[in-house]
Amino acid sequence: MYRTVDNGQLRISNVGLEVTMCGWVHKSRDLGGMTFIDLRDRYGITQLVFNVDINKDLYNLARTVGREYVIQITGQVIARSAINNQMLTGEIEVKVNKLIILNVSKTPPFTITDNTDGGDDLRMKYRYLDLRREKIKSNMVLRSDVSFYTRDYLRSSGFLDIETPMLIKSTPEGARDFIVPSRLNQGEFYALPQSPQTFKQLLMVAGYDKYYQIVKCFRDEDLRADRQPEFTQIDCEMSFVGVEEILNTFEGLIKHIFLHIKKIEIETIPRMTYSHAISNYGSDKPDLRFNMKIKHLNECCQGFGFSVFDNAELIVGLVVTGGCELSRKKIDSLIDWVKTPQIGASGMVYCKFNKGGQYKSSVDKFFNMEQLNNWKIKSGAQEEDMLLILSGEKSKILNAIGSLRIEIANRLNLINNDMFKPVWITDFPLFDVDIETNSLHAMHHPFTAPVQEDMELLESNPKLVRARAYDLAINGVEIGGGSIRIHNSELQNKVFNLLGMSTKEAHEKFGFLMDAFEYGAPPHGGIAFGLDRLCAVLSGSDSIRDFIPFPKNNAGRDVMLNAPSIIDDSQLIELNLKKT
Ligand code: ASP
């Protein structure tokens with residue numbers, strides 16, 4: 001037998017037990033006559049002790065083993081004289097009487113510790129070593145648990161786990177497809193699924209009224225810190241349901257996961273319409289761990305001769321509680337920040353409501369004390385607070401102030417990191433308007449059903465049509481999204497037309513779905529959650545990479561495999577991608 005116990009198992013009650021253990025040499029230190037080895041495996045670390053006076057050969061052998069050697073030992077559990085309260089096994093150690101080196105190891109290129117000295121690229125190149133680190137290992141355990149409790153909840157709610165194909169035709173989720181050339185059908189290509197969207201809808205037509213799958217999705221997008229070209233979704237679909245049933249069902253899933261993973265009872269998840277979220281938080285995924293709502297100030301700012309305000313479509317502000325204390329330097333740095341291209345504001349006005357009515361704004365020339373007092377009343381600020389104001393075009397400025405809200409909270413430490421604030425966002429617009437071309441895009445995806453009362457607007461003013469779509473955001477991160485779907489081919493065709501797709505083109509691309517709608521498609525809807533992001537949020541981390549066993553870097557590369565890579569000419573020729 002290789003081992004009788006693991007390295008996280010032994011306690012003081014096991015003293016006297018004869019054990020055989022395996023693992024990696026985490027650390028070893030020689031105190032002259034005594035050698036201690038920390039033996040590590042997935043379950044923990046156990047201290048081994050070798051004493052020169054008891055067995056000289058064994059002691060000498062123990063001194064030859066290096067970091068990350070794989071060893072097997074047999075020995076006896078004894079009580080430690082110096083107890084280590086930081087370790088679960090800290091009250092015992094194992095007095096070794098047999099040591100076998102199962103494999104040697106080169107010196108690892110970085111330390112296998114939480115605060116490793118390895119940089120990002122090095123860690124990714126040797127990901128199998130990085131995965132040995134406790135921090136990453138516990139992320140993998142968490143991920144496995146989240147998957148388990150997801151399956152647990154969905155199975156007991158009657159959902160079937162059904163696989164859908166990976167080599168398919170394009171699914172429009174708003175990104176580029178990854179393309180796979182077909183050897184057997186020369187000149188033709190498969191696409192990797194951006195999501196199983198159309199398949200799960202076909203499963204509803206087939207009568208499998210509760211479907212789920214924990215599934216890889218592929219999107220060829222420009223990468224951002226929290227994006228990966230392949231990622232995992234908890235993908236779900238239900239028949240004979242409306243928005244209400246979907247939100248309730250999946251609120252249950254979120255509660256189940258939080259209860260089992262974090263031991264936290266999530267209260268009823270609040271709901272907020274998209275327009276409320278944008279107007280109050282400047283974001284469709286508001287972080288509700290702190291308040292600081294956006295104040296709309298056009299009324300008390302315009303008509304006083306300050307042309308920047310007078311010409312602005314929208315004037316909005318944020319009240320920073322106790323903000324009078326902020327130094328000039330800190331305010332200037334915020335002003336510089338709002339002017340950076342990714343925020344895009346032209347400037348920022350501020351007003352300090354100092355104690356005793358000594359108000360001081362950056363636009364004193366244009367606004368007298370009485371008008372500043374109006375700002376105070378309108379924004380709900382108190383004495384010693386500061387008001388920050390942005391102005392400009394509505395579509396841009398709401399975004400900018402939403403970002404400023406988060407930036408201030410981060411800079412002033414207003415966020416309680418132990419808090420979880422989920423929120424459902426509902427009533428998204430059905431379409432997004434491209435301002436330059438005035439064309440319509442699906443805000444969620446083209447299969448999303450319009451709100452019934454807005455159906456007439458599809459003809460007269462499609463931009464105003466609301467969708468039966470919803471998102472779940474937690475702590476300012478979009479965790480999931482979905483919609484009630486169109487299940488009628490005529491309406492589906494009309495939406496495709498509004499999206500600029502002719503009926504012919506719609507049939508070429510999605511004829512299979514519209515045909516299926518002709519054979520008794522039930523009303524249906526669903527949702528998908530990002531598993532990687534959900535895990536990151538549960539751990540209070542903003543990097544999804546640490547929760548993916550083998551992630552890609554920011555350039556979409558797997559630096560361990562060195563992929564993507566060039567393929568042989570013979571392969572290219574076989575695929576008809578190169579002439580002989
Ligand atoms: N397929 C959608 C997505 O990937 C989710 C859904 O509508 O169920 O975002």
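Atoms within each ligand, like the ligands themselves, are counted from 1 in listed order. Quick caveat, the model's predicted, so the values are computed rather than measured.
Every protein residue with a heavy atom nearer than 4.0 Å to ligand 1 is included here: E173, S195, Q197, K200, R219, Q233, H444, H445, G481, G482, R485, G526, I527, A528.
In summary, K285 and E478 do not engage in a salt bridge, as defined by a charged side-chain N under 4.0 Å from a carboxylate O. Between E508 and K169 there is no salt bridge, since no side-chain nitrogen of the basic residue lies less than 4.0 Å from a carboxylate oxygen of the acidic one. No salt bridge links R545 with D532; every basic N to acidic carboxylate O contact stays at or beyond 4.0 Å.
Ring pair F512/F510 is tilted by interplanar angle, where 30° to 60° counts as tilted.
Side-chain polar atoms of T273 and R466 form no donor-acceptor pair below 3.5 angstrom.
For the salt bridge (charged side-chain N to carboxylate O under 4.0 Å, His left out) test, residues two or more places apart in sequence or in another chain that qualify with R123 are D120, D130, D546.
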